Amino acid sequence: MWRSCLRLRGGGRHLLNCPRGGLTASTGLGPKPPAHARAYAPPAAERKRFYQNVSISQGEAGFEINLDHRKLRTPQAKLFTVPSEALAVAVATEWDSQQDTIKTYTMHLTTLCNTSLDNPTQRDKDQLIWAAVKFLDTDTVCCRVEEPETLVELQRNEWDPVIGWAERRYGVKIGSSTSIVGPSIPARTREVLVSHLASYNTWALQGIEFVVSQLKSMVLTLGLIDLHLTVEQAVLLSRLEEAFQIQKWGNVEWAHDYELQDLRARTAAGALFVHLCSESSAVKHKLLQG
Amino acid sequence: MAEIERDKKKDVLGGECSVTGHSIYPTLSFPEESYSGNRFLMQRGNIGRFLKSRTTPLRGMVPCRAELETFNEVTSEKLCRAQHELHFQAATYLCLLRSIREHVALHQEFHGKGERSVEESAGLVGLKLPQQPGGKGWEP
């Protein structure tokens with residue numbers, strides 16, 4: 001969530017190096033509202049859509065997005081380049097689908113690309129891998145409850161197959177536990193997963209770490225990126241207890257599935273990002289001999 | 001007419017899947033087309049072309065090194081697990097678009113609009129704020 005706040009604050013000023021006209025608060029103060037009034041000021045007006053056409057071009061470093069002949073830039077004013085053409089098209093579609101105002105909180109792929117390009121927290125590949133594998137200690141599907149009995153059984157029926165699949169797929173032991181310290185993950189499991197994740201490039205790892213932090217589960221993320229689970233299934237398994245409670249007691253009146261849709265959107269964006277960053281394409285021409 | 005023998009080496013499938021290799025995803029050949037924003041999935045290669053040229057069974061799992069060496073068929077197209085993977089990517093993208101649309105709709109329908117500005121609050125009771133052209137003295 002802090003990541004999206006970072007985008008909203010910085011994106012308005014640095015995108016395309018445009019002057020920040022028209023964004024001041026409506027009160028009669030100077031260009032910068034005083035700091036103590038920020039808590040009470042209404043939210044700044046969103047940027048209006050200022051471009052008509054979105055297109056893609058290929059530069060030296062990769063594919064770039066053009067908004068009406070101007071190149072898109074990251075919040076740190078670097079040129080926005082993506083290595084994959086399909087990812088560029090998807091980002092262009094995100095920009096193109098904004099109507100009237102630009103809602104940066106809906107542009108998850110753009111946010112992920114910005115994070116990968118800028119690396120504001122300056123994490124290298126090992127730190128990303130470590131952050132992702134660390135989630136295994138408190139993995140959602142490994143931490144079980146002891147009561148009520150129906151929830152215990154539901155968790156066993158839904159989560160055990162996923163853990164079993166992951167154990168078979170990677171040849172490791174994960175297991176589940178009801179204790180408060182969580183499951184005990186053997187060191188060999190960690191090594192195998194670390195070396196598996198090392199086979200992805202940095203961009204894909206950003207996406208993987210993002211999905212892990214959304215789903216709160218490493219096992220479910222592995223299922224997603226290995227095409228074993230769909231996004232809806234993974235989100236449902238991540239929110240299993242919530243779904244159980246909603247089924248029993250009904251949803252909170254003002255919740256309206258808001259967080260469910262948000263989680264689905266972010267997870268889908270992360271999974272798509274990982275897949276689009278992990279592929280390469282090449283065209284080889286057939287040799288025709290007369 | 002010589003057809004390209006399917007390269008058995010790892011880089012045809014986009015990288016080896018052993019633990020030190022890089023990307024494990026297959027290569028796809030892109031048609032050379034102009035781009036416009038909404039043709040994302042249609043540009044991802046002709047699905048029919050991939051399906052027609054499949055000569056090995058689909059596998060849901062990532063192929064390991066041993067499996068790669070058993071692919072010795074000769075094809076005129078790149079072999080890829082396009083059907084399963086493309087379907088998955090299409091389903092993921094659909095989920096993304098649908099959930100973003102519903103999220104934005106929920107936000108607009110139900111989300112709080114925030115506080116009123118000082119001027120609006122004054123306007124509620126029929127008052128107007130005083131205008132001070134020079135700004136208040138103590139503000140930057």
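Computed from a predicted model, the values in this text were never measured in an experiment. Letters A, B, ... are given to chains in the order of the sequence lines, protein chains preceding strands, and every chain is numbered from 1.
- Applying the side-chain contact (heavy atoms from CB on, under 4.5 Å) test to B:E102 and every residue at least two apart in sequence or in another chain returns A:Q261, B:R98.
- Atom-to-atom distance recorded for A:H108:NE2 and B:I100:CD1 is 4.5 Å, nearest 0.5 angstrom.
- Between A:Y105 and B:H107, the ring-plane angle classifies as tilted under the 30° and 60° cut-offs.
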Test log, rule side-chain contact (heavy atoms from CB on, under 4.5 Å), inputs A:H275 and B:T92: CA-CA 10 Å; A:H275 285 115; B:T92 307; 5.6 Å; no

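- B:Y93 contributes atom OH, which lies 7.5 Å from atom CG of A:L109 (distance to the nearest 0.5 angstrom).
- One distance of note links OG of B:S99 with CG of A:D257; it measures 11.5 Å at 0.5 Å rounding.
- Looking at A:I65, neither its backbone nor its side chain comes within 4.5 Å of chain B, counting heavy atoms on both sides.
- Contacts of A:R188 classified as side chain to side chain donor-acceptor pair (under 3.5 Å), with partners at least two apart in sequence or in another chain: none.
- With chain B as partner, the option from A:L197, A:T230, A:L224 having the largest number of non-hydrogen pairs under 4.5 angstrom is A:L224.
- Summarising the geometry of A:H256 relative to B:L106, their closest heavy-atom pair is O-CD1, 3.0 Å, with the distance given to 0.1 Å.
- Taking OG1 of A:T106 as the reference point, atom NE2 of B:H103 lies at 8.0 Å (rounded to 0.5 Å).
- B:F88 approaches A:L227 most closely through the heavy-atom pair CD2-CD2, 3.2 Å.
- Residue A:T267 holds its OG1 atom at 10.0 Å from CG of B:L96, rounded to the nearest 0.5 Å.
- Between B:L94 atom CG and A:E232 atom CD the span is 7.5 Å, to the nearest 0.5 Å.
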